[in-house]
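Right, one structure below, let's go through it.
Along the sequence shown, residues carry numbers from 1.
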Amino acid sequence: FGATDNAAAILSSMSISLISLGRYDEAEAACFKSIELQGPNSTALNNLGMVYLSWGQYDKALEQFEASLDIGKKTGKKDLVAYINNIANIYELMGDDEKALEYYFKSYENAKSIGADSYLLTIVVNIVRSYSALGRYSEITKWSGIYYDLQSTDLFSIEALGEFDIIMGNIFRRGMRSDSTRVDRSIEAFSRSINTSREFGLKETEGRALSGIGLTLMRIGEFGQAADSLRKAISIWEDLRRTATGSTRRDYLSKVIISYQDLVLCLVSVGDNNGVVEAIEQSKARLLGEYLTGIDSITTVTSTEHIQTKLSPDEALILYGNADLYELVQVAITQDTVLVIESSLSDLISKLYPDNENATLELAVKSHRNFLKNIGPSNRTIPSSMELYNYLIEPLEAAIGTKQNWTILPDGILGYLPFETLIDGDGKYVVESHHLRYSQSLFVWNFIKDRPYEKHKKTLLALGGATYRPQSYEVDMIKN
């Protein structure tokens, strides 16, 4: 084992640490250097696959995992479980559960053939989860029996137990419409997972189980109780996120945002308007803070009452939430009113795309932008200008109808929509009768509102092209 091989092994180990720290470009470089020194080897290729997995580049990750498995076989390696599992995981993430099962079975057989029984419980849980996604309940029953048999042996696993109960809770929740008894069975399964998690300190599993209970309660209309459960889940995600790094931190941020979206829907249903505003703002502030600083330095939530004291009589804030869901939440805030509306995407799609039930808000916004770009100066009326107004603004007119100054706080794809180009009920473009501003969040709006300016300040016109993918900054900058 020479110096070169030693250096390659060190670099390969270093790449694992760099991945855990979220320093993916350095981890990729370490893997490449290890391969350069030692030639293609299963460990370095597997770690390189993990880098691409962290970046969401599933095709490239799969290529590396398959290469690592191939080399492992050729070099006579007996324990191939991790390599095979990684391939199965990629297929599962890509939505190909049949292919994922094919590799989970191979992983299961490899573990049994080498006597690596410690892997079996985790693999069985993965198999049950894939069958759950496919809705193949007879196979779920079969593999659940195998799971329980393994749990009764010395292979007892606390982590697998908590995960399995979450899977079963989700299975029962999906079948609630056809069998009302599944409500209790779903909550019982999630509750078992919570109890196990609390007993053994499995906070991440506890958070997912609490979220599962919240979603179950939402399905039966118990929105107040659902909100309580979701708030507990959010509290756990937040605690874990603050101490996490790299892709793990991003995963927890994603869970926080999704849980806030569910919480918003619950609070809309119980009529808690201030709670809706706070929940939308919490998610926006955390996302913005994470992207800008990686810390929670700008996530203080400004109360709705305080915001209202900052508004002039002719001013309105228009806040959007859950733009990537089927139910859009719209909020209008004025000096004396907080109006919350929930609008179904079908209201817009049925008008713009009557023959395309799979159309999305993203399609509507992008199509509208293309119309604007292609027609140029013209007297032609763009149909989407009116329909987007009817969907996004008209429901809020009771609160904002007489206000001339609007500040738009968009969400998701709505950040790409020029609201000035929408046409109101009188056939006028919004820009003809209103002054529009935009802000990322209420925190940012309030911060700018309170910022002191010199009397003789100069004006500024700033143009820029944003780049969002760290691994392709240079290419993006050239394109921009």
Practice prompt. With Tyr416 as reference, evaluate Lys366, Glu362, Arg369 under the side chain to side chain contact (heavy atoms under 4.5 Å, CB included) test and give the passing residue.
Written response: Arg369
Using atom types as modelled, flag every donor-acceptor pair under 3.5 Å from a side chain in residues 314-322 to any protein atom, sequence neighbours excluded.
residue	atom	partner	partner atom	Å
Asp314	OD1	Gln404	N	3.0
Glu315	OE1	Ser312	N	3.1
Glu315	OE1	Ser312	OG	3.4
Glu315	OE1	Lys449	NZ	3.3
Glu315	OE2	Lys449	NZ	3.3
Tyr320	OH	Leu392	O	2.7
Asn322	ND2	Gln261	O	3.1

Discussion item. Going by the rule side chain to side chain contact (heavy atoms under 4.5 Å, CB included), which residues pair with Asn47 if we only count those two or more places apart in sequence or in a different chain?
Written reply: Ser12, Ser15, Ile16, Cys31, Thr43
Practice prompt. Under the salt bridge (charged side-chain N to carboxylate O under 4.0 Å, His left out) rule, collect the residues that match up with Lys351, sequence neighbours excluded.
Written response: none
Worksheet entry | Minimum-distance pair of heavy atoms, taken over all atoms of Thr334 and Ala399 | CG2-O, 3.6 Å
Fill in: Short side-chain donor-acceptor distance under 3.5 Å, Ser367 and Tyr353
yes
Could you give the side-chain donor-acceptor pairs of residues 270-277 under 3.5 Å, partners two or more places apart or in another chain?
residue	atom	partner	partner atom	Å
Asp272	OD1	Gly275	N	2.9
Asn273	ND2	Val338	O	3.2
Asn274	ND2	Glu305	OE2	3.2

Discussion item. Would Thr407 and Ser439 count as a side-chain hydrogen bond (donor to acceptor under 3.5 Å, both in side chains) here? Give the steps.
Written reply: CA-CA 7 Å; Thr407 298; Ser439 183; over 6 Å; no
Item to complete: List for me each residue that meets side chain to side chain contact (heavy atoms under 4.5 Å, CB included) alongside Asn86, sequence neighbours excluded, and say none if there are none.
Response: Asn46, Met50, Phe65
Discussion item. Could you check whether atom NE2 of His435 has more than 12 heavy atoms from other residues, nucleotides or ligands sitting under 6.0 Å from it?
Written reply: no
Item to complete: Could you list the residues that satisfy side chain to side chain contact (heavy atoms under 4.5 Å, CB included) with Ser191, not counting sequence neighbours?
Response: Ile187, Ile213
Worksheet item: Using 30° and 60° as the class limits, which term best fits the ring planes of Phe443 and Phe447: parallel, tilted or perpendicular?
Response: parallel
Worksheet entry | Exercise: identify the closest heavy-atom pair between Gly162 and Ser193 | O-OG, 2.9 Å
Worksheet entry | Set of residues satisfying salt bridge (charged side-chain N to carboxylate O under 4.0 Å, His left out) with respect to Asp59, sequence neighbours excluded | none
Worksheet item: Would you say Phe105 and Ile127 make side-chain contact, with heavy atoms under 4.5 Å?
Response: yes
Worksheet item: If we only count heavy atoms from C-beta on, is the Val430 to Thr421 side-chain gap below 4.5 Å?
Response: no
Discussion item. Going by the rule ring pair (Phe, Tyr, Trp, His ring centres under 6.0 Å), which residues pair with Tyr108 if we only count those two or more places apart in sequence or in a different chain?
Written reply: Trp143
Table please: side-chain donor-acceptor pairs of residues 89-100 below 3.5 Å, with sequence neighbours left out.
residue	atom	partner	partner atom	Å
Glu92	OE1	Tyr104	OH	2.7
Glu92	OE1	Arg129	NH2	3.2
Glu92	OE2	Arg129	NE	2.6
Asp96	OD1	Lys99	N	3.1
Glu98	OE1	Arg136	NH1	3.2
Glu98	OE2	Arg136	NH1	2.7
Lys99	NZ	Glu102	OE1	3.4

Worksheet, complete the sentence: Residues passing the salt bridge (charged side-chain N to carboxylate O under 4.0 Å, His left out) test with Lys60, sequence neighbours excluded, are none
Worksheet entry | For Glu222, side chain to side chain contact (heavy atoms under 4.5 Å, CB included) partners two or more places apart | Leu217, Ile220, Gln225
Worksheet item: Are more than 12 heavy atoms from other residues, nucleotides or ligands located less than 6.0 Å from atom NZ of Lys106?
Response: yes
Worksheet, complete the sentence: By ring pair (Phe, Tyr, Trp, His ring centres under 6.0 Å), Trp406 pairs with (sequence neighbours left out) His434
